[in-house]
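FYI, side chains are in, hydrogens and waters are out, and symmetry mates aren't considered; it's all heavy atoms of this structure.
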Amino acid sequence: MKTSTISLITAGVLATSAVGYILYFDFQRRNNPNFRKQLRRERKMAELAKKEAEENSKKSSLQLIEKVIHESTEEQYPTSPADKEKYFLEQIGKGEQLCLQGPSAYDDAVLPFYKAIKVYPAPEELLTIYEKTIPGPVFETIIKILTIEQKAKMGEHNDTPEAAAASATGVDVDVE
């Protein structure tokens, strides 16, 4: 037999098997009540797992925001222009190194980038640069932190950014 004949026969058998499985699955879905119940249970379990994962993700994101605000308020930032420039470059370097490690290190990369914003003379310009250069999840988290901090300054939340984060995240923080 030729190779083309063998491959055609193999393809025909595979196609027939696939169609047979599809017909069997459809028959079971339509006629077997236990099978339908099992499919419904699996769908419900998948929905619950998805909701739970979303809630956990939201909680961890809010805890990260609170942690970054808390650590940045305790930080003593340099005051002289030369020290600010050196500090800025160090923080950017740390953030870039963490981003290069992949998505698992994105949460850790938020703090150095946020600290760099705190000492940069034109934060709006730096945000424009960040938007183009750093990964999306890191940038979005920084924007959320800045929003919370701005609300705290405007008096929509408690007196300090740390208290605003506690209010936004629902995490208790010892505010002095």
Subject >> Salt bridge present between E149 and K118 (N-O < 4.0 angstrom) >> reply: yes

Subject >> Rounded distance [0.5 Å steps], CG in D83 versus CD in E90 >> reply: 9.5 Å

Subject >> Rounded distance (nearest 0.5 Å) linking atom CZ of R40 with atom CZ of R43 >> reply: 8.0 Å

**OP:** Working to the nearest 0.5 Å, report the span between CD of Q63 and NZ of K58.
**Re:** 13.0 Å

Original post:
Do other residues, nucleotides or ligands put more than 12 heavy atoms under 6.0 Å from the CD atom of E52?
Top reply: no

**OP:** Return the orientation label for the F25 and F35 ring planes: parallel under 30°, perpendicular over 60°, tilted otherwise.
**Re:** perpendicular

**OP:** Search all heavy atoms of D108 against all heavy atoms of K67 and return the closest pair with its distance.
**Re:** OD1-NZ, 4.5 Å

**OP:** Under the salt bridge (Lys or Arg N to Asp or Glu O under 4.0 Å) rule, collect the residues that match up with K115, sequence neighbours excluded.
**Re:** E75

Original post:
Where do C99 and Y106 come nearest, in terms of heavy atoms and distance?
Top reply: O-CE2, 3.8 Å

Original post:
Near Q38 CD, under 6.0 Å, is it more than 12 heavy atoms from other residues, nucleotides or ligands?
Top reply: yes

Original post:
Do I129 and V110 sit in the same hydrophobic cluster, where Ile, Leu, Val, Met, Phe, Trp and Tyr count as joined when their side-chain heavy atoms come under 4.5 Å apart?
Top reply: no

Original post:
At what distance, to the nearest 0.5 angstrom, does CG of L127 lie from CD1 of I117?
Top reply: 4.5 Å

Original post:
Between I142 and Y114, which heavy-atom pair has the shortest distance, and what is it?
Top reply: CD1-N, 4.4 Å

Original post:
To the nearest 0.5 Å, how far apart are CD in E140 and CD1 in I143?
Top reply: 9.0 Å

**OP:** Measure across S72 and Y77 and return the closest heavy-atom pair with its distance rounded to 0.1 Å.
**Re:** O-OH, 3.1 Å

Subject >> Any P121 side-chain heavy atom under 4.5 Å of K84 side chain >> reply: no

Subject >> Closest heavy-atom pair and its distance - E71, L111 >> reply: OE1-CD2, 2.8 Å

Original post:
Please, which pairs that meet side chain to side chain donor-acceptor pair (under 3.5 Å) have at least one residue in residues 26-36, sequence neighbours excluded?
Top reply: Y24-Q28, D26-R29, D26-R30, Q28-N32

Original post:
Given the rule in the side-chain contact (heavy atoms from CB on, under 4.5 Å) test, do V138 and L98 qualify, once you have shown the distances and angles that lead to the verdict?
Top reply: CA-CA 11 Å; V138 176; L98 289 168; over 6 Å; no

Subject >> Check against side-chain contact (heavy atoms from CB on, under 4.5 Å), K151 and I148 >> reply: CA-CA 5 Å; K151 285 180 181 179; I148 289 172; 5.8 Å; no

Original post:
Between Q97 and Q101, is any side-chain donor less than 3.5 angstrom from a side-chain acceptor?
Top reply: no

Subject >> side-chain contact (heavy atoms from CB on, under 4.5 Å) assessment of E96 paired with I92 >> reply: CA-CA 6 Å; E96 287 175 349; I92 292 292; 3.6 Å; yes

Subject >> Exercise: do E125 and Y130 side chains pair donor with acceptor under 3.5 Å >> reply: no

**OP:** Output the distance between atom CG (L126) and atom CZ (F113), rounded to the nearest 0.5 Å.
**Re:** 9.0 Å

Subject >> side-chain contact (heavy atoms from CB on, under 4.5 Å) evaluation trace for T133 with F139 >> reply: CA-CA 9 Å; T133 58; F139 179 73; over 6 Å; no

Subject >> Worked check of side chain to side chain donor-acceptor pair (under 3.5 Å) between H70 and E74 >> reply: CA-CA 7 Å; H70 180 74; E74 292 180 350; 3.0 Å; yes

Quick one: side chains of residues 12-22, donor-acceptor pairs under 3.5 Å with protein atoms, not counting sequence neighbours, listed by atom name and distance.
unit_1	atom_1	unit_2	atom_2	d
T16	OG1	G12	O	2.7
S17	OG	V13	O	2.9

